Each structure stands twice: as C-alpha cells, then as structure tokens.
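Working notes, structure below.
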Amino acid sequence: MPPATPQLGLINTIQSIVGVDIDCFASYPVVDGQGTNGGYCGLAVKPIAPNMLKNCAQHPGVRLPISGIGGIENWRDAVEHILLGASSVQICTAAMQFGFGIIRELLSGLEEYMVEKNFHTIYDSVGKALPNVRHWEDLNMKYQVKAHIHEGKYIGCQLCYTACEDGAHQAIRLQPGSRVPAIIEDNCVGCNICSLVCPVENCITVDRRDDGTQHQTWKERTAAGTIPTEFNDERAGGRHHWVPAPAALGKERHKTLPGTAWALGPL
Ligand SMILES: Cc1cc2nc3c(=O)[nH]c(=O)nc-3n(C[C@H](O)[C@H](O)[C@H](O)COP(=O)(O)O)c2cc1C
Ligand code: SF4
Ligand code: SF4
C-alpha cells in the first residue's frame, strides 16, 4: 500500500473516571483540588475495541483500510483484530508497559499462525471472521448447550449454585447429604455463568446437546409470528410470565408477576 493511502485508525482511548477522591471530592488525578476524565486503554479496552472495529469493518459506508488499535499485547490479540477487519495494528499501552521487545514475540507468533493457517499474506486473513460475527437475531436458537458438573473435580464451594439460583435460571439444586450440586437440565439454558464463577478449571463444562440438524433464528421466528408471549416455568416464578411485545421494550419498565403485567411508567 502506498504510504499516502488514507486509513481509519481505531480506537483511541475511552473517556473514563477511574476513581474519586472521597475526601476532597474530585476525580483522580486530583490537580489542585479538581479532576477531569482520563483515557481508558490497554487490556481494559480489549473487549471494546474489537467490537467497534467489527462495526466499522462491516459497515458498507466504510471503504478505507482500518488500522486496529486497543488492548493489543501479543500476537493473538493482533490476529483477532486482523480477523475482524484490520489490515494493520498499532500498540500503545503494552509498549509502554513491557517495552518494544514485545514486537519480536508478536512477529514470531504471527508468522507461526500464518504458516499454520496457510495464509501467504496478511490480506488472506483480513476480515476472515467478519461473516461469522452476526447480530444475535441471526444465531441458531436450536443450538442447545447444557452445563455439566464433573464430580471428580469439585471442591464443594457452591458458588455455582448461588450464581444460577440468584443470577440465572435456577437450574442447579443442592442435594441433601452432599456438597456436589446437580444440574436441573430442563431449566439450564447454557448461559455459562456457573462455569465462569467456578474456581476449579474445567469443573463445569457447557456441552452441546442438540444433534445439529435443526436451525431457526429469532428473526425467522419473528417473521413466522411464533415468538412466545408467555414464559411458563414453574421454578422461575410460576406460569404465565408475561413477555412484553418487542415494540414495548425500551419504552416502559415492566415488572412481571404470575399472570399479571405491571407497567411502571416511563423511565
Ligand atoms: C499515554 C497515552 C498517550 C496517548 N496520546 C495520544 C495522542 O496524542 N494522540 C492519539 O491519537 N492517541 C493517543 N493515545 C491513544 C493511543 O494511541 C491508542 O489509541 C489507545 O491508547 C488504545 O490503544 P492501546 O490499548 O494499545 O493503548 C494515547 C494513549 C496513551 C496511553
Ligand atoms: S462452583 Fe465449581 S467447585 Fe464450587 S460447587 Fe460448583 S461445581 Fe463445585
Ligand atoms: S449454564 Fe446457566 S442456567 Fe445452566 S446451570 Fe449454569 S448458570 Fe444455570
């Protein structure tokens, strides 16, 4: 590419306040009694930058090469940016933190990856993941995964029980006389929260259960008019949970009670 070719570079830092001095009542860093916002960057923005990059790379109006920036520390981070549409990458925070030496590791890792995947130039991989990063409405709802607790590994902390009971789908029950919880398969939606809170590696896996023969997306269900209007789950609060129509979402806040819908008014 000729050096003068215009490019889009993203992301820059994200405005942030990392803390407030609770004695002098100003945001950090305090400058003569007052503060201002800072710029979030490095590892903290790693999940944010690739999403913004993907949005730009998929946008039909963006016709410039994109340079991926934000949270890149190693070759794998660089590859992820490239697969999401970056034809070059830039590093700021990691170079400040670890020094320019990280570029050597990054280059050798990148080269090894390209050889393994049979990519001859970087352009063989630019944007390769973009067709597979879709809106949630396009994902296959027939893809079914369920949590599985591997009994030999557990330490009986029951963090998974609390997470699922209070924060997910009430799909884990405690068993009298045992510290090993059990999955209630009918309730498990495969959200993965239990495995994220479990302190033991691979103690909970979330495994595929469907046979791969069926495919239906939320978009297809919407078009077919088969979106459920009630959610009948005895354990999750009783039958006849009311599900708001998509048009109402975001306009009103609803509280669902068995058999009753309460509109709490505009936010
Ligand atoms: C100390 C510091 C100074 C920066 N100065 C600039 C700047 O002058 N102009 C600019 O466009 N971006 C600036 N940035 C943003 C970086 O170029 C980069 O977009 C951002 O930090 C995200 O990349 P990173 O996660 O690799 O740090 C700065 C970032 C840091 C941490
Ligand atoms: S969080 Fe993990 S270790 Fe703790 S009880 Fe659940 S499965 Fe066992
Ligand atoms: S995957 Fe989700 S719903 Fe299933 S047991 Fe774990 S936390 Fe509960």
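Keep in mind that this is a model prediction, so the values were computed, not measured. When a ligand or atom number is given, it counts from 1 through the structure's own listing order.
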When you measure from atom 9 (N) of ligand 1 to every protein heavy atom, which one gives the shortest distance, and what is it?
-> Asn12 ND2, 4.5 Å
Please confirm if an N, O or S atom belonging to Cys194, backbone or side chain, lies less than 2.8 Å from atom 6 (Fe) of ligand 3.
-> yes
Among protein heavy atoms, which lies nearest atom 31 (C) of ligand 1, and at what distance?
-> Cys41 SG, 3.7 Å
Is Ala163 in contact with ligand 3, taking contact as a heavy-atom separation below 4.0 Å?
-> no
Top protein contact for atom 3 (S) of ligand 2, by heavy-atom distance = Ile155 N, 3.3 Å
Using heavy atoms and a threshold below 4.0 Å, how should the contact between Ile204 and ligand 2 be classified: side chain, backbone, both, or neither?
-> side chain
Nearest protein heavy atom under 4.0 Å from atom 7 (C) of ligand 1, yes or no | no
Is Glu165 salt-bridged to Arg173, cutoff N-O under 4.0 Å?
-> no
Got a protein heavy atom sitting under 4.0 Å from atom 4 (C) of ligand 1?
-> no
Numbered in order shown, the ligand 2 atoms found under 4.0 Å of a heavy atom of Cys160 are 1 (S), 5 (S), 6 (Fe), 7 (S)
Give the atoms of ligand 1, by number and element, whose distance to some non-hydrogen atom of Thr93 is under 4.0 Å.
-> 24 (P), 25 (O), 26 (O), 27 (O)
Residue, atom and distance of the protein heavy atom nearest atom 2 (Fe) of ligand 2 read Cys198 SG, 2.4 Å
Closest protein heavy atom to atom 5 (S) of ligand 2, given as residue, atom name and distance to 0.1 Å = Gln158 N, 3.0 Å
Based purely on interatomic distance, does Gly42 place a nitrogen or oxygen under 3.5 Å from a nitrogen or oxygen of ligand 1?
-> yes
Below 3.5 angstrom, do we get any N/O pair linking Cys92 and ligand 1?
-> yes
Honestly, for Lys46 the part within reach of ligand 1 (heavy atoms, under 4.0 Å) is neither
Below 4.0 angstrom, N of the basic side chain to O of the carboxylate: do Glu185 and Arg209 qualify?
-> yes
Would you call Val206 a ligand 3 contact, heavy-atom distance under 4.0 Å?
-> no
Heavy atom of protein closer than 4.0 angstrom to atom 24 (P) of ligand 1 | yes
Going by heavy atoms in the side chains, are Val189 and His169 under 4.5 Å from each other?
-> yes
Inspect the contact between Lys146 and Asp207 and indicate whether a charged nitrogen and a carboxylate oxygen are less than 4.0 angstrom apart.
-> no
Would you mind telling me if ligand 2 is within reach of the side chain of Cys157, the backbone, both or neither, using heavy atoms under 4.0 Å?
-> both
Measure the distances from the heavy atoms of Gly71 to every atom of ligand 1 and state whether one is below 4.0 angstrom.
-> yes
Can you tell me how far CG of Leu8 sits from CG of Leu10, rounded to the nearest 0.5 angstrom?
-> 5.5 Å
Does Met96 reach ligand 1, in the sense of a heavy atom lying below 4.0 Å from it?
-> yes
May I ask you to test the Leu139-Tyr143 pair for a side-chain heavy-atom distance under 4.5 Å?
-> no
Is atom 2 (Fe) of ligand 2 less than 2.8 Å from at least one N/O/S atom of Cys203?
-> no
Taken to the nearest 0.5 Å, the spacing of Trp75 CH2 from Glu111 CD works out to 12.5 Å
Atom 8 (Fe) of ligand 2: nearest protein contact (heavy atom, Å) = Tyr154 CB, 3.3 Å
So is there a nitrogen or oxygen of Thr13 less than 3.5 Å from a nitrogen or oxygen in ligand 1?
-> no
Just jot down the ligand 1 atoms closer than 4.0 angstrom to any heavy atom of Ile69, in number order.
-> 18 (C), 19 (O), 22 (C), 23 (O)
Atom indices of ligand 1, in the order listed, that fall short of 4.0 Å to a heavy atom of Ile11 = 18 (C), 19 (O), 22 (C)
